[in-house]
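Numbers restart at 1 for each chain; the letters A, B, ... are given by sequence-line order, proteins then strands.
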Amino acid sequence: MSGNTPIGIEFFQRDPLICARELIGCTFGLGDTAGKIVETEAYAAVGDRACHTWKRAAREFVSSHAPGTAYVYLNYGMHWLFNFLVKGAKREGFVLIRALEPLEGIPLMRRRRTRERLQELCSGPAKLTQALGITGDHYGCNPLNGKGWLLSKPPGDHEVVVSNRIGITLDAEYPWRFLSKGCPFVSVPA
DNA sequence: GGGCCGATTAGG
DNA sequence: CTAATCGGCCCG
């Protein structure tokens, strides 16, 4: 596709909230599957009790990896969740990818998800990792130059809606969730 | 070592 | 509303 702006490391050397907002509308994929990012959340390494940096491993991840690196972790013992590492500006942290609009490899997504309806393929942080085939094997990978990964910014702008983050108890009042306005593929409507 | 909890999801 | 399911942290 032409007209797409390639995303480089500089993209992730900004504030996590800026990155989270700017990722809305970007194309994200692995292997033969891809989708448009329609929902994200920002997490701050410092001053955000919902961020994983209360763990030693997460703090070491932040300090030892490059901006844009994939931080993938197992949640509730069974679901993989995908984040981009954001660092280089005053505030560091992660952007959680929470939902995609399916674009490529939809038959494969349906098989992996054992669901038919488009809205059930990638409308949640653990659903989309299952649909794309993302697992703990991708912990520490870099989608900016890693084999099989796709991340680019198509031309045009999106109306973005802001709301509180989902599924957390600490610092739940931070308005750090970003959604594509009116999109039917998000996890929870704004 | 034991207990508890989580950035979730699917099914009753 | 709840089970599923497991790694990390805290306590002792």
Side-chain angles (χ1 to χ4, degrees), chain A residues 12 15-24 26 28 30 33 35 37-65 68-87 91-102 109-141 143 160-180 183-190:
Chain A
F12 293 101
D15 191 284
L17 275 73
I18 301 293
C19 290
R21 175 183 283 269
E22 295 266 326
L23 280 167
I24 300 296
C26 290
F28 177 54
L30 175 61
T33 54
I37 298 174
V38 295
E39 180 179 347
T40 62
E41 282 178 0
Y43 289 82
V46 176
D48 176 10
R49 289 170 294 166
C51 188
H52 281 188
T53 42
W54 55 270
K55 303 179 200 178
R56 164 190 287 272
R59 290 193 301 273
E60 287 181 350
F61 188 94
V62 172
S63 59
S64 65
H65 289 82
T69 303
Y71 173 75
V72 181
Y73 83 99
L74 187 64
N75 195 33
Y76 289 98
M78 63 192 99
H79 302 300
W80 295 107
L81 274 63
F82 179 94
N83 299 255
F84 285 108
L85 173 61
V86 179
K87 63 187 280 194
R91 179 159 51 186
E92 305 183 316
F94 300 97
V95 175
L96 170 69
I97 307 301
R98 286 195 56 92
L100 307 175
E101 173 184 343
M109 289 185 181
R110 287 190 163 120
R111 249 178 290 137
R112 287 170 168 165
R113 291 275 306 127
T114 63
R115 290 289 182 286
E116 290 300 313
R117 299 174 52 229
L118 275 188
Q119 293 92 323
E120 296 186 62
L121 298 181
C122 302
S123 55
K127 297 177 188 177
L128 71 92
T129 56
Q130 187 180 27
L132 297 194
I134 294 170
T135 69
D137 292 345
H138 300 104
Y139 177 87
C141 280
V160 174
V161 179
V162 182
S163 81
N164 289 2
R165 296 177 294 184
I166 304 287
I168 57 169
T169 55
L170 297 165
D171 291 326
E173 71 280 12
Y174 293 4
W176 288 3
R177 175 180 178 238
F178 302 88
L179 308 94
S180 183
C183 179
F185 298 100
V186 300
S187 63
V188 181

Aromatic ring proximity A/Phe61/A/Tyr73, centre distance under 6.0 Å:
no
Under 4.0 Å from OP1 or OP2 of B/dT8: is there any side-chain N or O of A/Arg98 that close?
yes
d(CH2, A/Trp54; P, B/dA7) in whole Å
8 Å
Is a side-chain N or O of A/Arg98 found less than 3.5 angstrom from the main chain of A/Glu39, in a donor-acceptor match?
no
Atom-pair distance (NZ on A/Lys55; C1' on B/dC5), nearest Å:
11 Å
A/Leu128 CG - B/dA7 P separation (whole Å)
16 Å
Rounded to the nearest Å, what distance is computed from the CZ atom of residue A/Phe178 to the C1' atom of nucleotide B/dA7?
15 Å
Between A/Arg115 and A/His52, name the one whose nearest nucleotide on DNA chain B is closer to the 5' end.
A/His52
Please check: side-chain N/O of A/Asp15 versus main-chain N/O of A/Arg91, any donor-acceptor pairing under 3.5 Å?
no
Distances under 3.5 Å between nitrogen or oxygen atoms of protein and nucleotides 3-5 of chain C:
{"residue": "C/dT5", "atom": "O2", "partner": "A/Tyr76", "partner atom": "O", "Å": "2.3"}

Between A/Leu81 (CG) and B/dA7 (P), how many Å, whole number?
9 Å
Does a donor on one side chain and an acceptor on the other come within less than 3.5 Å for A/His65 and A/Tyr71?
no
May I have the distance from A/Tyr139 (atom OH) to C/dG7 (atom P), rounded to whole angstrom?
14 Å
Separation of B/dC5 P from A/Arg49 CZ (nearest whole Å)
17 Å
With distance as the sole test, does A/Glu41 use its side chain to make a donor-acceptor pair with the main-chain N or O of A/Ile166 at under 3.5 Å?
yes
Look at the side chain of A/Lys127 and decide which nucleotide, out of B/dA10, C/dC9, C/dC6, has an atom nearest to it.
B/dA10
5'-to-3' dot-bracket of DNA chain B (Watson-Crick, G-U; under 3.5 angstrom; crossing pairs as [ ]; | other strand)
||||||.||||.
Please tell me if A/Arg113 has a side-chain N or O lying less than 4.0 Å from either OP1 or OP2 of B/dA10.
yes
Nucleotide C/dC9, atom P - distance to CZ of A/Arg56 in whole Å
8 Å
Please check this pair: side chain of A/Thr53 against backbone of A/Ala45, looking for a donor-acceptor N/O pair closer than 3.5 Å.
yes
Side-chain donor-acceptor pair under 3.5 Å between A/Gln130 and A/Arg112, yes or no?
no
Donor-acceptor check, side chain of A/Ser63 to backbone of A/Glu60, threshold 3.5 angstrom: yes or no?
yes
Interatomic distance at C1', C/dG7 relative to B/dA10, whole Å
23 Å
Donor-acceptor pair, A/Arg110 side chain versus A/Glu116 backbone, under 3.5 Å?
yes
Classify the nucleic acid contact of A/Ala126 as base, sugar-phosphate or nothing, counting any heavy atom under 4.0 Å across all strands shown.
sugar-phosphate
